[in-house]
Participant: 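Structure incoming, see below.
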Amino acid sequence: MRKIFIDCPEQIPCNPCVHICPVGAITIEGSITNLPKGNKELCTGCGLCVAACPGQACFLVDTEFKEGFASVDFPYEFLPLPTVGMTVKARDNEGQTLTDGTVEAVIQRESSHQTAIIRISVPTKYAYLVRGIKPITDFVKAL
Amino acid sequence: MSDSGEKSYDVIIVGAGPAGLGAAIESGKAGARTLLLDENQKPGGQLFKQIHKFFGSKEHFAGMRGFLIGEKLLEEAVKHNVEFRLGARVWGLYPDGCVTATDEENSLNFKGKKIILATGASENALSFPGCTLPGVITAGAAQTFVNVQHVLPGKDFVVVGSGNVGLIVTYQLLQAGANVIKIIEAAPKISGYGVHAAKIRRAGIQILTGHTIISASGRDQVERVIIAKVDENFNPIEGTQQTILCDTVALAVGLSPRIELAGAGGCEMTYSKTLGGVLPVHDDNMETSFEHILIAGDLSGIEEASTALDEGRLAGCRAAYRLGLMTLEDYTSKKVMILNRLAELRCGPFGNKRMLAKEEIWKKAV
């Protein structure tokens, strides 16, 4: 099951994640600058928070995606979008490439206001380290 | 078209960014005859350059992209009968409430019972050999190029400064297809929000802290920059120079309140390092040393669009109250609500410093 994973380390005034979650799985107690908490029991893995978070700090992780592989859903706002089946460089928060990943889904919803959600599979040990991919830069070269 | 006579309004607002729009909405809503002046051809201030999703709470349209917030605010201002005068550069403000402007052809004269200045901020420059070469621009200019004009001002960028402006503009340059080679930051750590930094680091951009730009050089335009490590006093360390080939340097080294008009109006000034430098003394009703001149947004201290919007709303309500269009009871309840929202935005490790600085300014107004 895909479940919410939040990497929101700093106390900044922000709470769209709380309002977008249809099942109340994300809460911020007290002040708006407090850090959000994700409740994996309640989370249905819909991914609305992944696209809504202005800080791109919400992810979905499925540690049992496939034998030996986890899936990670993350927001992506570059063009061109990757395509399903593509091999991509999976990166951590510092931009270090951890491993190759395979694009499993590219999700675009109108309610996400142009933020796509990309799902990639990676070896399970990287499940909670992957935060994105090296952007596909083909179109930059074409310029 | 010529304006020979002087047009009178209850409230004249200068600057149609988030603060000015917030003020106009509240003043218009209260029934004040409201005029909103802006030197640009389009209202919205910096909002229409902001293509990223905003932080904040629901009341601040959090999660919405900046330009869409601008559209929403405009719609609301129009609904409340706010009169817009665009392309009008205000150059004078007199003690009797006279506001003089020019639309490049005519001199325009207006008279307001209350004046709300929401003139925003200007970007700081940085002086180094080669800083006048074509290719050295501010981050805000780079943002205007890519997000408003849809033109890349260069190919290979070095961004100077890792505050939120530097981080956001870098992200947007990447979205526009630019190659950002590095961000350099003189401070020992990244100064903007970690989440903004993470967005660009994930994309592979290195943020080099403890480094400054030494010089830019090139034949007719920037072709390379030299950067170096700095010591704890921000002095370059000998032997740490490195050359980076690039064609554009985008400076994101802070903002300063645009105080010229407030100065012309005679408003008492004060200094706050945290809030960006010299700014008009004001109280927590946004009134300056002159009761009829109010201020809001970056002019009253460099913060964010969400704080600017709420400060504008507060100034608009205050002006309406002073004009007798709002009861003290109504005003007080609105003020408490807005100040509570602002206090929320001004807490946490980033906001708290600004809260304390604001309180210092308010004390001076007593």
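In the text below, chain A, chain B and the rest are named by the order of the sequence lines, each starting its count at 1.
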Participant: Phe54(B), Phe350(B), Tyr171(B): which one forms the most heavy-atom pairs within less than 4.5 Å of chain A?
Facilitator: Tyr171(B)

Participant: Thr97(A), Asp7(A), Val18(A), Thr115(A): which one forms the most heavy-atom pairs within less than 4.5 Å of chain B?
Facilitator: Thr115(A)

Participant: In plain terms, say whether Lys358(B) and Glu311(B) are close enough for a salt bridge, that is, a side-chain N and a carboxylate O under 4.0 Å apart.
Facilitator: yes

Participant: May I ask you to check whether over 12 heavy atoms, not counting those of Lys229(B), lie within 6.0 Å of atom NZ?
Facilitator: no

Participant: Quick one: do Leu339(B) and Leu314(B) satisfy side chain to side chain contact (heavy atoms under 4.5 Å, CB included)? Show the steps, please.
Facilitator: CA-CA 8 Å; Leu339(B) 284 182; Leu314(B) 181 56; 3.9 Å; yes

Participant: Under a 4.5 Å heavy-atom cut-off, does chain B meet the side chain of Glu10(A), its backbone, both or neither?
Facilitator: side chain

Participant: Taking the side chain from Glu304(B) and the backbone from Ser306(B), do they hold a donor-acceptor pair closer than 3.5 Å?
Facilitator: no

Participant: Which region of Arg202(B), side chain (C-beta onward) or backbone (N, CA, C, O), has a non-hydrogen atom less than 4.5 Å from a non-hydrogen atom of chain A, or is it both or neither?
Facilitator: both

Participant: Search all heavy atoms of Ile20(A) against all heavy atoms of Cys49(A) and return the closest pair with its distance.
Facilitator: CG2-CA, 3.7 Å

Participant: Compute whether any side-chain donor of one residue and acceptor of the other, for Gln50(B) and Gln143(B), lie under 3.5 angstrom apart.
Facilitator: yes

Participant: If you count heavy-atom pairs under 4.5 Å with chain B, which of Pro54(A), Pro16(A), Gly95(A) comes out on top?
Facilitator: Pro54(A)

Participant: According to the interplanar angle, ranging from 0 to 90°, do the rings of Tyr193(B) and His196(B) count as parallel (below 30°), tilted (30 to 60°) or perpendicular (above 60°)?
Facilitator: parallel

Participant: Have Lys182(B) and Gln206(B) got a donor and an acceptor in their side chains that come within less than 3.5 Å?
Facilitator: yes

Participant: Heavy-atom distance under 4.5 Å to chain B: side chain of Arg91(A), backbone, both or neither?
Facilitator: side chain

Participant: Is chain B contacted by the side chain of Gln96(A), its backbone, both, or neither, given a heavy-atom distance below 4.5 Å?
Facilitator: neither

Participant: Using a heavy-atom cutoff of under 4.5 Å, enumerate the residues of residues 22-40 of chain A that contact chain B, numbered in order, or state 'none'.
Facilitator: Ser31(A), Ile32(A), Thr33(A)

Participant: Of all of Ala197(B), Ala343(B), Ala198(B), which one pairs up most often with chain A through heavy atoms under 4.5 Å apart?
Facilitator: Ala198(B)

Participant: Examine whether an atom of His19(A) lies under 4.5 Å from a heavy atom of chain B, and if so say whether it belongs to the side chain, the backbone or both; otherwise answer neither.
Facilitator: side chain

Participant: Kindly list each side-chain donor-acceptor pair under 3.5 angstrom involving residues 59-72 of chain A, sequence neighbours excluded, with atom names and distances?
Facilitator:
| unit_1 | atom_1 | unit_2 | atom_2 | d |
| --- | --- | --- | --- | --- |
| Asp62(A) | OD1 | Met1(A) | N | 3.2 |
| Asp62(A) | OD1 | Glu64(A) | N | 3.0 |

Participant: Is the shortest side-chain N to carboxylate O distance from Asp310(B) to Arg341(B) below 4.0 Å?
Facilitator: yes

